[in-house]
Amino acid sequence: MLQRKLDKRSKYIFFLMNSVYYGFLISLGYGIISSLIVYFFANNEFSSYIKHFFISFNSFLTGGLAFGLTYQVYKTQNYIPEMISNVFEKHDLDSIPQYKEHNKRFHSVQRSMTIVTLHIVISFLLFYYAKFPFINQIPETFMVIFGCSLFGCGVYVGRKIFYVAQILQTIENIEFNDDIFSDNKLEGIAVYVNVITTFTVITTWLLIRSYYGGPFVFDSMFGRSIKIFMFYPAITALPVLVIFNYYPKVFIRKIYTRSINNKLNLLEETLRGKEKITEFEKIKYLSEVDKISQEELKNRLRLALNDLPLVITIIVMLINLFIQIK
């Protein structure tokens, strides 16, 4: 059992590593290609572009994490929905209207592209009024495209994890008779949530820090007041992260508690036919089984919640960002 848990956690760690590598390759490739174009068509701003892309706005590092996170979520987006389908395969999940609707929205490419496009437009306006420190339009265009793509990636990730939580919420009261608890069939949900949430928090923090502290010109009619809107990714991401980080664990607790009750009911039915066992012995045995099961449930949830330092990390990161406000 322990080896299976370690193998499962290792699998996600390696998936995460691969996604990060791909993300940094994309970010590096964009930086190199755009730099070459700037060199040939806006040579006077080549050194400035290199400095701002790789250092001032930290685009390479931020882009690597953002693209890596987006690829990770895209690649594993069906992990939890497929697990739910497998665990509750005997039930017609599509007969639950809310589940069917949220599952449809979760997989809708059109809805994803619509909300991503909306936030890309918002980020474009933000960068347009903040203005990158270039005279030539070519390097500025590359920085705007890159920045908008990062904001778009963040929205895509947020949308996906929000609907995962919504899907779980719609089936929290589903009726079943299977012993889901003993085999720990939902264990992978907590592992997945911990990995994605941690990755998202780090990426969001770095994204805001990079652009909030970036050397924008701020020469529009809004002046430096536009700078405060660089926090909007955190404002939109925070409630989604809180829901995604904790609600799946609430879902697991409810399902496992119901599974334990089903197990006790089945055991009680079995003991009724045992005439050699007294009623007192039956009650005592059932109580011991219930106690052991509840203790194991607490231990599992305690392990799932050992990412509480993540909450502290979020608070520290936000405080650090607000301290920088001038």
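Along the sequence shown, residues are numbered consecutively beginning with 1.
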Taking every non-hydrogen atom, the tightest pair across [X] and [Y]:
X	Y	answer
I80	L168	CG2-CD2, 4.1 Å
A165	I243	CB-CG2, 3.7 Å
I189	P248	CG2-CB, 3.8 Å
L150	A66	CD2-CB, 3.7 Å
F106	P81	CE2-CG, 3.9 Å
Y99	I167	CE1-CG2, 3.5 Å

[Y] and [X] aromatic ring geometry - parallel, tilted or perpendicular at 30°/60° bounds:
X	Y	answer
F57	Y211	tilted
Y129	F222	perpendicular
F244	Y192	perpendicular
F146	F53	perpendicular

About how many Å separate [atom2] of [Y] and [atom1] of [X], when rounded to the nearest 0.5 Å?
X	Y	atom1	atom2	value
D219	I226	CG	CD1	12.0 Å
L61	R209	CG	CZ	11.0 Å
L186	N86	CG	CG	11.0 Å
I135	N44	CD1	CG	7.0 Å
T200	I196	OG1	CD1	6.0 Å
L69	S19	CG	OG	8.5 Å

Using distance only, find each side-chain donor-acceptor pair of residues 117-124 under 3.5 Å and give its atom names and separation, not counting sequence neighbours.
unit_1	atom_1	unit_2	atom_2	d
T117	OG1	M113	O	2.6
H119	ND1	Y232	OH	3.4
S123	OG	H119	O	3.2
S123	OG	I120	O	2.7

(message) Checking one residue: V217. Which other hydrophobic residues are in its cluster under the side-chain 4.5 Å linking rule?
(response)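 Listed partners: none, V217 stands alone.
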
Which salt bridge (charged side-chain N to carboxylate O under 4.0 Å, His left out) pairs, counting each pair once, include a residue from [range], with sequence neighbours left out?
range	answer
residues 63-73	none
residues 166-176	E172-K254
residues 140-169	K131-E140
residues 105-118	E101-R105

Linked, directly or transitively: [X] and [Y] (ILVMFWY side chains, under 4.5 Å):
X	Y	value
L25	V73	no
Y22	V157	no
F24	Y71	no
L125	I235	no
Y128	M221	yes

Can you check whether [X] reaches [Y] side chain to side chain, under 4.5 Å on heavy atoms?
X	Y	result
L65	F199	yes
F67	C153	yes
L241	I161	yes
V240	T236	no

(request) Verify the neighbour count for atom CZ of F60: are there more than 12 heavy atoms of other residues, nucleotides or ligands below 6.0 Å? (result)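 Correct, the count exceeds 12.
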
(request) Start with the C-alpha gap between F151 and F127, add the side-chain angles, then the distance that decides, and say whether side-chain contact (heavy atoms from CB on, under 4.5 Å) holds. (result) CA-CA 11 Å; F151 279 59; F127 293 135; 3.7 Å; yes

(request) Using modelled atom types only, decide if a donor and an acceptor are shared between the side chain of Q77 and the backbone of Y74 within a distance under 3.5 Å. (result) yes

Please enumerate all residues that pass side chain to side chain donor-acceptor pair (under 3.5 Å) together with [X], with sequence neighbours excluded.
X	result
N78	H107
Y49	S34
E45	none
T62	S210

(message) Apply side-chain contact (heavy atoms from CB on, under 4.5 Å) to residues I208 and W205 and explain how you reach the verdict.
(response) CA-CA 5 Å; I208 298 170; W205 174 78; over 6 Å; no

(request) Take I145 and Y30 through the side-chain contact (heavy atoms from CB on, under 4.5 Å) test and state the conclusion after the steps. (result) CA-CA 10 Å; I145 291 174; Y30 185 93; 3.6 Å; yes

(request) With sequence neighbours left out, write down each residue that passes ring-ring contact (aromatic ring centres under 6.0 Å, His included) with Y156, or none if nothing qualifies. (result)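 Y156: no ring-ring contact (aromatic ring centres under 6.0 Å, His included) contacts found.
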
Donor-acceptor pairs under 3.5 angstrom involving side-chain atoms of residues 35-43: please list them, not counting sequence neighbours.
unit_1	atom_1	unit_2	atom_2	d
S35	OG	G31	O	2.5
N43	ND2	Y39	O	3.2

(request) Could you point out which residue of F216, F134, F132 forms a ring-ring contact (aromatic ring centres under 6.0 Å, His included) with H52? (result) F134

(message) Assess, by modelled atom type and distance only, whether the side chains of Q98 and T170 contain a donor and an acceptor separated by less than 3.5 Å.
(response) no

(request) Would you please test K227 and Y212 for side-chain contact (heavy atoms from CB on, under 4.5 Å) and show each step? (result) CA-CA 6 Å; K227 188 175 183 179; Y212 181 83; 3.5 Å; yes

